[in-house]
Asker: 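The following block contains the structure, expressed as structure tokens.
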Amino acid sequence: MQPRIPRQSARDQGGVPPTGADGAAGLSEELAAVVSGARRRALRDGDRQIDTAHLLHSLLESDPEVSAVFEGTPQMARLLGYLVQRSIGYGLRWQGTVEDSGAVPVVTSAEGFSPLAAGAMGYAGARAARRGGGPARGIDLLAAILVDSESRAVEVLGRAGIDAHEVFARIDDRSPRSLWGEPPWSSR
């Protein structure tokens, strides 16, 4: 009898987070835990790669700063329902496919991540650098997974009735505009 969850090598269990050009992962302890949770979720769902929806789910469950962005959102229960039932419902059509909108170059150095998730990890690091250095935090990653409107995270948010632009604006409202810059879809 085959186990439902595929066996993991020691390398898969610890995982290899995406790295920048300098080879440093640049993740805070909290964000490393988020990535680990997303990796477990991807394996449980039978996915070969961590995608942005896995990252969103893990962020919502483990990062209080990210959860605070969604405080008062009446559709939160629906969002969590979509994310929790992904492997038996809504996300079944994603199984066996790679999350890639074509909007960002394919990142090959981020083993175990979809191209969009790897790009989001890189963008989160860049946001942290603009903040003045230090490792990327969950709020950086949340902003990063909202950047591409074709990402699975943005699709799930939309299905739940939550506008990704509004979420990005809430993140932006919490920080000085000069630090985060404009969202990519803003019209200057």
Asker: Could you measure the distance from the CG atom of Leu56 to the CG atom of Leu141? Nearest 0.5 Å is fine.
Answerer: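 Between Leu56 CG and Leu141 CG, I get 9.0 Å after rounding to 0.5 Å.
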Asker: Taking the side chain from Ser114 and the backbone from Gln49, do they hold a donor-acceptor pair closer than 3.5 Å?
Answerer: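 No: the side chain of Ser114 does not pair with the backbone of Gln49.
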Asker: Provide the closest heavy-atom pair for Ala144 versus Ala120 in the form atom of the first, atom of the second, distance.
Answerer: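 That would be CB-O, 3.1 Å.
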Asker: Determine yes or no for a side-chain-to-main-chain donor-acceptor pair under 3.5 angstrom, with Arg152 supplying the side chain and Thr52 the backbone.
Answerer: no
Asker: When you compare the side chain of Phe113 with that of Arg39, does any pair of heavy atoms fall below 4.5 Å?
Answerer: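 Answer yes - side chains close enough.
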Asker: Is there a side-chain contact between Arg131 and Asp140 in this structure, where contact means two heavy atoms from C-beta onward sitting under 4.5 Å apart?
Answerer: yes
Asker: Quick one: does Asp163's side chain have a donor or acceptor within less than 3.5 Å of a partner on His165's backbone?
Answerer: yes
Asker: Is the closest side-chain heavy-atom distance between Ile145 and Tyr123 below 4.5 Å?
Answerer: no
Asker: Step by step, would you call Arg41 with Leu83 a side-chain contact (heavy atoms from CB on, under 4.5 Å)?
Answerer: CA-CA 10 Å; Arg41 190 164 277 110; Leu83 291 168; over 6 Å; no
Asker: Look up atom CG in Leu142 and atom CG in Asp63, then write down how far apart they are to the nearest 0.5 Å.
Answerer: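 Nearest 0.5 Å value for the CG-CG distance: 8.5 Å.
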Asker: Pro135 and Ser28: which non-hydrogen atoms are nearest, and at how many Å?
Answerer: CB-N, 3.2 Å
Asker: How many angstroms lie between CD in Glu61 and OG in Ser67, if you round to the nearest 0.5 Å?
Answerer: 9.0 Å
Asker: Roughly how far apart are Leu55 CG and Met121 CE, rounded to 0.5 Å?
Answerer: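 Answer for the CG-CE pair, Leu55 versus Met121, is 6.5 Å.
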Asker: Where do Ala33 and Ser58 come nearest, in terms of heavy atoms and distance?
Answerer: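 For Ala33 versus Ser58, the nearest heavy atoms are O-OG, 4.4 Å.
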Asker: What pairs with Gln75 under side chain to side chain donor-acceptor pair (under 3.5 Å), at least two apart in sequence or on another chain?
Answerer: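 Gln75: no side chain to side chain donor-acceptor pair (under 3.5 Å) contacts found.
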Asker: Which atom names give the shortest non-hydrogen contact between Ala136 and Ala124, and what distance separates them?
Answerer: CB-O, 3.6 Å
Asker: Return the CG to CG distance between Leu79 and Leu157, rounded to the nearest 0.5 Å.
Answerer: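 CG of Leu157 is found 5.5 Å from CG of Leu79.
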Asker: So, Ser62 side chain and Val34 main chain: donor-acceptor pair closer than 3.5 Å or not?
Answerer: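 Checking the backbone N and O of Val34 against the side chain of Ser62, no donor-acceptor pair under 3.5 Å is found.
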Asker: Within the side chain of Thr73, is there an N or O that forms a donor-acceptor pair under 3.5 Å with the backbone of Phe70?
Answerer: yes
Asker: Counting only N and O atoms by type, is there a donor-acceptor contact under 3.5 Å from the side chain of His54 to the main-chain atoms of Asp51?
Answerer: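 Flag set: sc His54 to bb Asp51 pair under 3.5 Å.
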Asker: So Glu65 and Arg137, salt bridge (charged side-chain N to carboxylate O under 4.0 Å, His left out) or not? Walk me through it.
Answerer: CA-CA 9 Å; Glu65 189 177 16; Arg137 298 187 339 241; 2.9 Å; yes
Asker: With distance as the sole test, does Ser36 use its side chain to make a donor-acceptor pair with the main-chain N or O of Ala32 at under 3.5 Å?
Answerer: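 Side chain of Ser36 to backbone of Ala32: no pair is present.
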Asker: Looking at Arg78 and Ala160, would you say the former's side chain and the latter's main chain have a donor-acceptor pair under 3.5 Å?
Answerer: yes
Asker: In chain order, what residues pass the side-chain contact (heavy atoms from CB on, under 4.5 Å) check against Val154, with sequence neighbours excluded?
Answerer: Leu146, Ser151, Ala164
